Amino acid sequence: MSGKTLFSKIIDREIPARIEHEDDHCVVIHDINPQAPVHVLVIPKKPIARVGEAAEADQAVLGHLLLTAAKVAEKLKIADGFRVVINNGRDAGETVPHLHVHVLGGRSLAWPPG
Ligand code: AMP
């Protein structure tokens with residue numbers, strides 16, 4: 001059995017996904033169960049489990065994820081209002097143990113989140 005995460009399998013094209021962007025350090029895919037008209041996931045190619053387990057050495061890739069989130073928001077025409085979310089751990093609703101940054105937009109987003 002492979003120890004790969006679901007998202008590593010998507011990155012390696014073993015599982016299909018709608019890929020919006022790819023570069024040396026991350027991929028951006030459309031969420032399979034979108035919670036807004038635009039809902040994409042920015043995923044590092046390095047399988048960091050969650051932000052709480054990121055290392056100092058991951059600083060550049062963590063920054064890259066946010067910069068990519070902003071670029072993709074611009075590309076998908078939600079730059080006027082979008083939300084960036086990372087669910088870290090069970091109590092926050094994390095379901096896939098491979099870091100991913102949700103980018104949501106295309107509708108008005110309530111605050112505080114649930
Ligand atoms: P989280 O609950 O923060 O761990 O987010 C995991 C996200 O991955 C959820 O929004 C799921 O809808 C999404 N997801 C799960 N499987 C897939 C898949 N095969 N392709 C795209 N998105 C997925």
Side-chain angles (χ1 to χ4, degrees):
M1 204 181 101
S2 162
K4 274 187 187 178
T5 70
L6 169 67
F7 291 154
S8 288
K9 290 178 185 171
I10 287 175
I11 290 162
D12 291 344
R13 308 301 199 268
E14 292 169 15
I15 292 176
R18 197 175 143 210
I19 296 175
E20 185 63 42
H21 166 90
E22 179 166 20
D23 60 41
D24 287 350
H25 302 293
C26 72
V27 296
V28 180
I29 66 169
H30 289 265
D31 199 291
I32 205 168
N33 182 23
Q35 301 302 311
V38 175
H39 184 176
V40 293
L41 305 173
V42 187
I43 305 168
K45 288 187 170 176
K46 179 178 177 182
I48 300 163
R50 58 194 57 82
V51 73
E53 288 172 36
E56 287 294 327
D58 297 322
Q59 185 167 329
V61 75
L62 295 178
H64 182 73
L65 299 180
L66 286 183
L67 292 171
T68 302
K71 282 181 192 152
V72 169
E74 180 86 34
K75 181 180 176 195
L76 295 175
K77 304 191 187 321
I78 56 167
D80 284 347
F82 63 94
R83 184 163 295 161
V84 172
V85 174
I86 298 173
N87 295 321
N88 189 100
R90 189 191 52 201
D91 286 355
E94 177 200 302
T95 58
V96 179
H98 182 146
L99 177 61
H100 47 284
V101 176
H102 296 258
V103 181
L104 302 120
R107 66 170 169 82
S108 147
L109 298 162
W111 191 262

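Every heavy atom of this structure was used, including side-chain atoms; hydrogens, water molecules and symmetry mates were not. Remember, it's 1-based here, ligands and their atoms both numbered in the order they're listed. For clarity, every value in this text was computed on a predicted model and none was experimentally measured.
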**Request:** Name all residues meeting the side-chain hydrogen bond (donor to acceptor under 3.5 Å, both in side chains) criterion together with Asp12; count only those two or more places apart in sequence or in a different chain, and write none if there are none.
**Result:** Lys4
**Request:** For ligand 1, list the protein residues that place a heavy atom within a distance below 4.0 Å of one of its atoms, sorted by chain and number.
**Result:** Leu6, Phe7, Ile10, Ile29, His30, Asp31, Ile32, Asn33, Leu41, Asn87, Gly93, Glu94, Thr95, Val96, His100, His102
**Request:** Give the cluster check for Leu65 versus Val85: same hydrophobic cluster or not, with ILVMFWY residues linked at side-chain heavy-atom distances below 4.5 Å.
**Result:** no
**Message:** Once salt bridge (charged side-chain N to carboxylate O under 4.0 Å, His left out) is applied, do any residues pair with Lys71, and if so which ones, sequence neighbours excluded?
**Reply:** none
**Asked** Going hydrophobic residue to hydrophobic residue with side-chain gaps under 4.5 angstrom, can you get from Val40 over to Val51?
**Response** yes
**Prompt:** For the residue pair His102 and His100, is the inter-centroid distance of their aromatic rings smaller than 6.0 Å?
**Reply:** yes
**Item:** Residue pairs, two or more places apart or on separate chains, that pass salt bridge (Lys or Arg N to Asp or Glu O under 4.0 Å) and touch residues 48-63
**Value:** Lys46-Asp58, Arg50-Glu53, Arg50-Glu94
